[in-house]
Amino acid sequence: MKKRLFSELFKLLIILFAGILYYIIILVTGFKIPCVFNYFTGYLCPGCGMTRMIISVLNFDFSSAYYYNRAIFLTLPFILSFLIYEEIKYIKNGKRPFSKASHTFFILEAAILIVFGIARNLI
């Protein structure tokens, strides 16, 4: 169990380090990873605005964060809660079973993002 805990914490630290590095690059250079979907189609994908949303959340500007990507902003607490719950189960049991609840959760989130992606381009 300790080995799994340290392994997962190490992965989390790498992700956090990458996120902080990306944030610093944005602040210093203004460079952001462009959306390939938007580049080729001219439409906003369901993930467009996520970087600006996260930066706004880090600056406690929640109204701007909501404006940049409503779907992710509203579902992010559920996504994070679910991922934390799944990680705790993995650390305790050592298995990553793809349960019916996980499947249902991710199908629901995908449906929300698809509907949001279509709606944000029509309105």
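Counting only residues at least two apart or in different chains, side chain to side chain donor-acceptor pair (under 3.5 Å) contacts with residues 68-79 comprise Thr75-Glu109.
Taking OH of Tyr67 as the reference point, atom CZ of Phe73 lies at 15.0 Å (rounded to 0.5 Å). One distance of note links CZ of Phe105 with OG of Ser81; it measures 8.0 Å at 0.5 Å rounding. How far OH of Tyr90 is from CG of Leu5: 11.0 Å, rounded to the nearest 0.5 Å.
Counting non-hydrogen atoms of neighbouring residues, nucleotides and ligands closer than 6.0 angstrom, the CZ atom of Phe78 reaches no more than 12 such neighbours.
Side-chain heavy atoms closer than 4.5 Å link hydrophobic residues (I, L, V, M, F, W, Y) into clusters, and following such links, possibly through other members, connects Leu58 to Ile72. Both Ile79 and Phe106 are assigned to one and the same hydrophobic cluster, defined by single-linkage of ILVMFWY side chains at heavy-atom distances under 4.5 Å. Phe116 and Leu74 fall into different hydrophobic clusters, where Ile, Leu, Val, Met, Phe, Trp and Tyr side chains are chained together by heavy-atom contacts under 4.5 Å. In terms of hydrophobic clustering, with Ile, Leu, Val, Met, Phe, Trp and Tyr side chains grouped at heavy-atom distances under 4.5 Å, Phe6 and Ile84 are assigned to different clusters.
Across Ser102 and Glu86, no two heavy atoms sit closer than the pair OG-OE2, 3.8 Å.
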Ignoring hydrogens and angles, write down the donor-acceptor pairs under 3.5 Å from the side chains of residues 35-57, residues two or more places apart or on other chains.
{"unit_1": "Asn38", "atom_1": "ND2", "unit_2": "Tyr43", "atom_2": "O", "d": "3.0"}
{"unit_1": "Thr41", "atom_1": "OG1", "unit_2": "Phe37", "atom_2": "O", "d": "2.7"}
{"unit_1": "Thr41", "atom_1": "OG1", "unit_2": "Tyr43", "atom_2": "N", "d": "3.1"}
{"unit_1": "Ser56", "atom_1": "OG", "unit_2": "Arg52", "atom_2": "O", "d": "3.0"}

Counting only pairs under 3.5 Å, give me each side-chain donor-acceptor contact of residues 9-30, with atom names and distances, residues two or more places apart or in other chains.
{"unit_1": "Lys11", "atom_1": "NZ", "unit_2": "Glu8", "atom_2": "OE2", "d": "3.1"}
{"unit_1": "Tyr22", "atom_1": "OH", "unit_2": "Ile33", "atom_2": "N", "d": "2.9"}
{"unit_1": "Thr29", "atom_1": "OG1", "unit_2": "Ile25", "atom_2": "O", "d": "2.6"}
{"unit_1": "Thr29", "atom_1": "OG1", "unit_2": "Phe31", "atom_2": "N", "d": "3.1"}

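Under the 30°/60° scheme for interplanar angles, the aromatic rings of Tyr85 and Phe82 are found to be tilted.
One N or O on the side chain of Thr104 and one on the backbone of Lys100 form a donor-acceptor pair closer than 3.5 Å.
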